[in-house]
Amino acid sequence: QVQLVESGGGLVQTGASLRLSCAASGRAFGRYAMAWFRQAPGKEREFVAAIRWTGGSTYYADSVKGRFTISRDNVKNTVYLEMNSLKPEDTAVYYCAADFSYGQSYSGTYYYRIGTYDYWGQGTQVTVSS
């Protein structure tokens with residue numbers, strides 16, 4: 001099992017940047033695919049970004065492509081989400097998620113699905129003011 005704790009959220013203005021962190025405890029962090037999802041008030045949780053257990057491939061929602069970057073540090077057991085050029089529509093609670101996919105080579109669409117992930121953090125609030 002793995003436990004996930006997000007941090008780094010806050011209140012920023014349009015155009016600002018934030019870096020979210022997700023610290024994982026438990027064994028074999030490097031064997032998990034990691035992802036970020038977000039949920040705005042009154043909306044369903046949606047995919048933001050994911051990174052394979054190998055770290056070799058990343059995936060992004062069209063709405064954040066070119067502005068957000070996901071990365072991982074397997075020594076620190078942490079996954080990051082660097083968010084630039086933030087917009088009011090990025091306002092949401094951001095959740096970190098993990099899927100044990102060691103040795104697997106799934107198609108990209110696998111990582112976009114909420115049901116793929118077995119472990120979730122409690123979330124961190126990001127608010128972007130206009």
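Just so you know, these numbers use all the heavy atoms, side chains as well, and skip hydrogens, waters and symmetry mates. In what follows, residues are counted from 1 in the order of the sequence shown.
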Query raised in the report: Quick one: do Ile70 and Tyr110 end up in the same hydrophobic cluster if we chain Ile, Leu, Val, Met, Phe, Trp and Tyr together by side-chain heavy atoms under 4.5 Å apart?
Result: no
**Report entry** Nearest-0.5 Å distance that lies between atom CD in Glu46 and atom CH2 in Trp36
**Finding:** 14.5 Å
Query - Where Ser21 and Thr78 come nearest, the two heavy atoms and their spacing - result: CB-CG2, 4.2 Å
Requested in this report: Treat each ILVMFWY residue as a node, draw an edge where side-chain heavy atoms are under 4.5 Å apart, and state whether Tyr80 and Tyr119 are in one component.
Outcome: no
Query raised in the report: What are the two closest heavy atoms between Tyr94 and Met83, and how far apart are they?
Result: CE2-SD, 3.9 Å
Query raised in the report: Just wondering, are more than 12 heavy atoms of other shown residues or ligands nearer than 6.0 Å to NZ in Lys65?
Result: yes
Query raised in the report: Under 3.5 Å, is there a donor-acceptor pair linking the side chains of Asp99 and Tyr111?
Result: no
Query raised in the report: What's the spacing between Asn74 CG and Phe29 CZ if we round to 0.5 Å?
Result: 5.5 Å
Query raised in the report: Would Arg52 count as a cation-pi partner of Tyr106, with NZ or CZ less than 6.0 Å from the six-membered ring centre and within 45° of the ring normal?
Result: no
Query raised in the report: Looking at Ala49 and Leu81, what are the two nearest heavy atoms and their distance?
Result: CB-CD1, 4.1 Å
Query raised in the report: Less than 6.0 Å separating the ring centroids of Trp53 and Tyr102?
Result: yes
Query raised in the report: Checking side chain to side chain contact (heavy atoms under 4.5 Å, CB included) against Arg38, which of Leu20, Val126, Val93, Asp90 comes through?
Result: Asp90
**Report entry** No-hydrogen, no-angle side-chain donor-acceptor test under 3.5 Å, Ser17 and Asn84
**Finding:** yes
Query raised in the report: For Phe37, what residues pass the ring-ring contact (aromatic ring centres under 6.0 Å, His included) criterion, not counting sequence neighbours?
Result: Phe47, Tyr117, Trp120
Report task. Would you give the length of the straight line joining atom CD1 of Ile51 to atom OG of Ser57, rounded to the nearest 0.5 angstrom? Result -> 8.5 Å
Query - Note, Gln122 side chain near Val5 side chain (heavy atom, < 4.5 Å) - result: no
Query - Within one Ile-Leu-Val-Met-Phe-Trp-Tyr cluster: Val79 and Tyr112, side-chain cutoff 4.5 Å - result: no
Query raised in the report: Donor-acceptor pair, Thr91 side chain versus Val128 backbone, under 3.5 Å?
Result: yes
Query raised in the report: Around atom CD of Glu89, are there more than 12 heavy atoms of other residues, nucleotides or ligands at under 6.0 Å?
Result: yes
Report task. State, to 0.1 Å, how close Thr127 and Gln125 come at their nearest heavy-atom pair, and which atoms those are. Result -> OG1-NE2, 3.3 Å
Requested in this report: Verify, without hydrogens or angle tests, whether Thr124 (side chain) and Gly9 (backbone) share a donor-acceptor contact under 3.5 angstrom.
Outcome: yes
Report task. Determine whether Val12 and Phe68 fall in the same hydrophobic cluster, where Ile, Leu, Val, Met, Phe, Trp and Tyr are linked whenever their side-chain heavy atoms lie under 4.5 Å apart. Result -> yes
Query - Hphob cluster co-occupancy, Tyr59 + Val64, side-chain heavy atoms under 4.5 angstrom - result: no
Report task. Give a yes or no answer on whether the side chain of Glu6 reaches the backbone of Tyr95 with a donor-acceptor pair at less than 3.5 Å. Result -> no
Query raised in the report: Would you say Cys96 and Met34 make side-chain contact, with heavy atoms under 4.5 Å?
Result: yes
Report summary line: Smallest heavy-atom separation, Leu4 atom then Ala24 atom, equals CD2-CB, 3.7 Å
Query raised in the report: If only atom types and distance count, is the side chain of Thr14 paired as donor or acceptor with the main-chain N or O of Ser129 below 3.5 Å?
Result: yes
